[in-house]
Amino acid sequence: MTWHRRFHETGLGNLSALAVSTPGMSMLFPHVLCTKSGHVCQVTLGEGEINAASTMMAIVLSHRFDLSQTYFLMAGIAGVNPIRATLGSVALSRFAVQVALQLEIDPRSLPANWTTGYIPYGRDYPYDYPTITYGTEVFEVSERLREAAYSLASRATLVDDAVSRQYRSRYAAADRDSYDMATRPPSVVKCDCTTSDVYFSGTLLARTFEKTTEIWTNGSGIYCMTAQEDNATLEVLVRAAVGGLVDFSRVIIMRAGSDFDRPPPGVSDWEHLIKVDQNGFHIAVDNIYNAGIEIVKGILADWETVYRRGLSPGNYIGDIFGSLGGNPDFGRGGIFGGDKVPAPGAGKALARRRTAQRQWFRHVTDGKPTVAG
């Protein structure tokens, strides 16, 4: 893994010095790996929504971690919208949208004038806000922290690849200028991420979920990266924040484009998905580290002066229900009247839990983790 292969370059220690396990973690990735100081930790949650949520919940409920001041850098590869970025580009997101949480009709049986088989819950037609919501459709994270992370990540030198350059040059053949970003070298951008367990690809599906992102965020979201885990992880972090275990204003969503979500002119959806070599995976993985490590270093360097106390978001943060207080600037508003949901087990029980966490972690480190990758 890139983080462990290259982390020694930072001088911040050995990222595998501590291997901490706790019940409920992935069978494939059973440890949270940390530096000896505990200042930086890394964990692989596993692919897909169920794996991500299961592992994250195991960690936040473990007595082995005090995560109350931890910054969570959620990082992974993704499909990339050629209108917004290119292969190897790194996106920092404000919104994560669970676009596939809808009714679906097989496209072969659609009405003649329909362009998609996805219909929001409680609706009769596509492209509207659902009237039946599960609470995980949209999450919003701190815009102020995103701006800080963007500034730090922009210090990185991103790598490129000759095969990727060749493939993305095909997008220049489009009749319009909308794919101009696809033909450029990798860069750090600000745009948003979608979540779907279905690995979708193709122009029609991409346009459907682009429109879904726009509608479900009241026009604020910018569809850019397609992934499989983020909303699941964010739901766990919201619930943990309700319980006082984490600070949701310390969450960063970062994705790197490994493949385009739709083909260039002259290539079919099937060929694009199955046959052609975009060769974006390796540069995406490298650039996750290149951009991500700048964020980690920046947080650690300014810990005492900036990040220990945290950055006030300046925008709404949380889920569509308003579970953390305030009223969402998307959807139909919160369901709790602007109040934060009362924390279950708050008070003395939470204080005892935090004391036990601190005592355990101080037993094996000389501090506690501040950045989790």
Quiz item: Is the closest side-chain heavy-atom distance between Leu33 and Val43 below 4.5 Å?
Solution: no

Quiz item: Got more than 12 heavy atoms from elsewhere within 6.0 Å of CZ, Arg239?
Solution: no

Exercise. Check the side chains of Asn81 and Arg262 for a donor-acceptor pair under 3.5 angstrom, ignoring hydrogens and angles.
Key: yes

Practice problem: Determine yes or no for a side-chain-to-main-chain donor-acceptor pair under 3.5 angstrom, with Thr194 supplying the side chain and Val97 the backbone. | Solution: no

Practice problem: Apply side-chain contact (heavy atoms from CB on, under 4.5 Å) to Met74 and Ile252, showing your working. | Solution: CA-CA 6 Å; Met74 297 164 45; Ile252 302 167; over 6 Å; no

Exercise. With the side chain counted from C-beta on, respond yes when Tyr307 and Leu300 share a heavy-atom pair under 4.5 Å apart, and no when they do not.
Key: no

Exercise. Answer yes if the side chains of Gln42 and Thr44 hold a donor-acceptor pair under 3.5 Å, and no otherwise.
Key: yes

Quiz item: Under 4.5 Å between any side-chain heavy atoms of Glu140 and Asp329, yes or no?
Solution: yes

Quiz item: For the residue pair Phe95 and Phe330, does the interplanar ring angle fall in the parallel (under 30°), tilted (30 to 60°) or perpendicular (over 60°) class?
Solution: perpendicular

Quiz prompt | Closest contact, heavy atoms only, Val60 versus Val246 | solution = CG1-CG1, 4.4 Å

Self-check item: Main-chain N/O of Gln69 paired with Arg250 side-chain donor or acceptor, under 3.5 Å
Solution: yes

Practice problem: Determine if the SG-SG distance between Cys193 and Cys224 falls under 2.5 Å. | Solution: no

Practice problem: Evaluate the criterion side chain to side chain donor-acceptor pair (under 3.5 Å) for residue pair Asn315 and Arg144; output intermediate values, then yes/no. | Solution: CA-CA 8 Å; Asn315 63 297; Arg144 188 176 176 196; over 6 Å; no

Practice problem: Could you tell me the separation between the CG atom of Leu12 and the OG1 atom of Thr35, rounded to the nearest 0.5 Å? | Solution: 8.0 Å

Quiz item: Side chains of Cys41 and Val32: closer than 4.5 Å at any heavy-atom pair?
Solution: yes

Quiz item: Considering only heavy atoms from C-beta outward, does the side chain of Leu73 approach that of Ile295 to under 4.5 Å?
Solution: yes

Quiz prompt | Side chain to side chain, Val296 and Trp3, heavy atoms closer than 4.5 Å | solution = yes

Self-check item: Tyr289 and Phe7 aromatic centres sub-6.0 Å
Solution: no

Quiz prompt | Separation of Ser196 OG from Gln98 CD (nearest 0.5 Å) | solution = 8.5 Å

Quiz item: Between Asp247 and Ser249, is any side-chain donor less than 3.5 angstrom from a side-chain acceptor?
Solution: yes

Quiz item: Between Ser21 and His31, does any side-chain donor sit less than 3.5 Å from a side-chain acceptor?
Solution: no

Self-check item: Pairwise distance CG(Leu245) to CG(Leu61) - rounded to 0.5 angstrom
Solution: 7.0 Å

Exercise. Could you tell me whether the side chain of Phe321 reaches within less than 4.5 Å of the side chain of Thr133, counting heavy atoms only?
Key: yes

Quiz item: Taking Arg168 as the fixed residue, which of Asp160, Asp180, Asp161 is the one that meets the salt bridge (charged side-chain N to carboxylate O under 4.0 Å, His left out) rule?
Solution: Asp160

Quiz item: Is a side-chain donor-acceptor pair under 3.5 Å present for Asp259 with Tyr167?
Solution: no

Self-check item: Exam field: side chain His282 to backbone Asn279, donor-acceptor pair closer than 3.5 Å
Solution: no

Practice problem: Please find out if less than 6.0 Å separates the ring center of Tyr223 from that of Phe209. | Solution: no

Exercise. Count the heavy atoms of every other residue, nucleotide or ligand shown that sit under 6.0 Å from CD1 of Ile50, and state whether that count exceeds 12.
Key: no

Exercise. Might you point out which heavy atoms bring Leu45 and Ala52 nearest each other, and give the distance in Å?
Key: CB-CA, 3.9 Å

Exercise. Please examine the side chains of Met181 and Ile83, heavy atoms only from C-beta on, and report whether any two atoms are closer than 4.5 Å.
Key: no

Self-check item: Residue pair Thr213 / Glu210, side-chain donor-acceptor N/O under 3.5 Å
Solution: no

Quiz item: Between Tyr121 and Tyr134, does the ring centroid distance fall short of 6.0 Å?
Solution: yes

Self-check item: Nearest non-hydrogen partners of Thr136 and Glu235, listed with the distance
Solution: CG2-OE1, 3.5 Å

Quiz item: So with a 6.0 Å cut-off around NZ of Lys211, is the heavy-atom count from everything else above 12?
Solution: no

Practice problem: For His272 and Phe260, indicate whether the former's side chain and the latter's backbone hold a donor-acceptor pair under 3.5 Å. | Solution: yes

Practice problem: Inspect the surroundings of CD in Glu143 and state if more than 12 heavy atoms from other residues, nucleotides or ligands are less than 6.0 Å away. | Solution: yes

Quiz item: How far apart are the closest heavy atoms of Gly221 and Asp192, and which atoms are they?
Solution: CA-OD2, 3.3 Å

Self-check item: Distance (rounded to the nearest 0.5 Å) between Glu147 CD and Leu92 CG
Solution: 9.5 Å

